[in-house]
Amino acid sequence: ILRALLHQPGLEAADVALAAPTGKAAQRMGEAIRHGLRRLAEGDAAARDLLDSFPEPKTLHRLLAWQPAAERFRHDAANPLSTRVVIMDEASMVSLVHLERLLGALAPGARLVLLGDADQLASVEAGRAFRDLVEALPDCCVRLRTSYRMREEDPDGRAILTAARAVNEGDAAALWEGPQPVRVRREAAELEGHGVELLAPEPNALLAFCRRWFEEQVLGLEGFREKAGHVFTFAQEAWKEGDLARLEELFAHLDRFRILCAQREAPGLRGAEGLNALFHGWMAACTGEGLRQALPFLAGEPVLMTANDYRRGVFNGDQGLVLKVRFEDGLRQAAVFPRSGGFQPFPLEALRE
């Protein structure tokens, strides 16, 4: 969409705004765009130019410039956005109220492109605005039906697509029958890592799965302990020679796996907080305690921002890695975040202020 838009006469990258409802979704949007452009850049000068100039995706609140003290957005009908095109990803998560505010802040003649899955869960707040728009304006919609993440010709991909269709259609029988059924595993040792597998939700089975996942995925990078515990050096806004390559390797490793939790808090190992506490204990045994005991993160652990820090330019949903970084004023435990063309470290104590 970006490449097509920038072929329009008089339209430049600065005229386009990219947005998503949450910081995590905005970051993922940027990663996906960069990944796609890098694949094209080798033989496409326009893609190379766009890779250097495409607008940073923002949360909807950042785009509309939320002002907490005044409890209002700076951009509205009286002070519209200057951009001529707004592309909003994960639109199914946008509530009715916030979509109305976005529409009200568009400049006359501006174009709005909403991307999302109308069959996903409705937004946490009131309304299912995106789904209602898709149903009410079929002539304004383009449905993308080809999956590039899973392929029909691949047995594992076909199993995932079959299960997804069965869930969307409410066909429970199709999950357990047919050529690509969901396979139930009673123990973590039975998991094969292919197709769709269901592990019986018993405490011992969950703990065994977590241990296997931690060892095979987190510790799967050769020399992980040494690489995660390495002391990086950042001085005069630049990394020491060799450190940038080490960071790229660690972040590429982190991007290869995730555990998705349906709940933040849940008994035992059924929620994100319980799992994080478990992995934190195992990480301590791998990379050692932090430089200061009071800090809750260890070298090699991923970190997620849960608030906006406008002064430092890190925002709710930004994901990074905790590492040992030697700054000009000394060795600190720092959160390192990916940025266009590199990585930016922030001492953990500063981010907690």
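For clarity, every value in this text was computed on a predicted model and none was experimentally measured. We number each residue from 1, following the sequence as shown.
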Requested in this report: Give the C-alpha distance, both sets of side-chain angles, the deciding distance and a yes or no for side-chain contact (heavy atoms from CB on, under 4.5 Å) between L199 and E187.
Outcome: CA-CA 7 Å; L199 180 65; E187 298 180 0; 5.6 Å; no
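- With rounding to the nearest 0.5 Å, the separation of CZ in R158 from CD in E153 is 8.5 Å.
- Salt bridge annotation for E192-R185: present, with a cationic side-chain nitrogen under 4.0 angstrom from a carboxylate oxygen.
- Separation of atoms CG (L298) and CD (Q333) is listed at 6.5 Å; rounding is to 0.5 Å.
- Residues satisfying the side chain to side chain donor-acceptor pair (under 3.5 Å) criterion with R211, sequence neighbours excluded, are E215.
- Annotation: side chain of V94 is not in contact with side chain of F130 (no heavy-atom distance under 4.5 Å).
- A salt bridge does not link E265 to R270: none of the charged nitrogens lies less than 4.0 Å from a carboxylate oxygen.
- The shortest distance between side-chain heavy atoms of P21 and T59 does not fall below 4.5 Å.
- Not one N or O on the side chain of R326 forms a donor-acceptor pair closer than 3.5 Å with the backbone of T233.
- A salt bridge links R212 to E216: one of the charged nitrogens lies within less than 4.0 Å of a carboxylate oxygen.
- Here the rule is ring pair (Phe, Tyr, Trp, His ring centres under 6.0 Å) with F234, and of F343, F346, W239 only W239 fits it.
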**Report entry** Worked verdict on F251 versus H253 for ring-ring contact (aromatic ring centres under 6.0 Å, His included)
**Finding:** CA-CA 5 Å; F251 273 87; H253 174 63; over 10 Å; no
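- Interatomic distance, CD of E226 versus CG of L221, reported as 10.0 Å (0.5 Å rounding).
- The closest side-chain heavy-atom distance from F54 to L18 is below 4.5 Å.
- Applying the side chain to side chain donor-acceptor pair (under 3.5 Å) test to R3 and every residue at least two apart in sequence or in another chain returns D44.
- Residue pairs meeting the salt bridge (Lys or Arg N to Asp or Glu O under 4.0 Å) criterion with at least one member in residues 237-250, sequence neighbours excluded, are K227-E249, D243-R246.
- Ring centroids of H61 and F73 are separated by less than 6.0 Å, placing the two rings close together.
- Put simply, the side chain of D171 never gets that close to the backbone of A166: no donor and acceptor are under 3.5 Å apart.
- The shortest heavy-atom contact between M283 and G300 is CE-O, 3.7 Å.
- Although no hydrogens or angles enter the test, the distance criterion places a donor-acceptor pair under 3.5 Å between the side chain of E328 and the main chain of Q236.
- By the 4.0 Å N-to-carboxylate-O rule, E301 lies too far from K324 to be salt-bridged with it.
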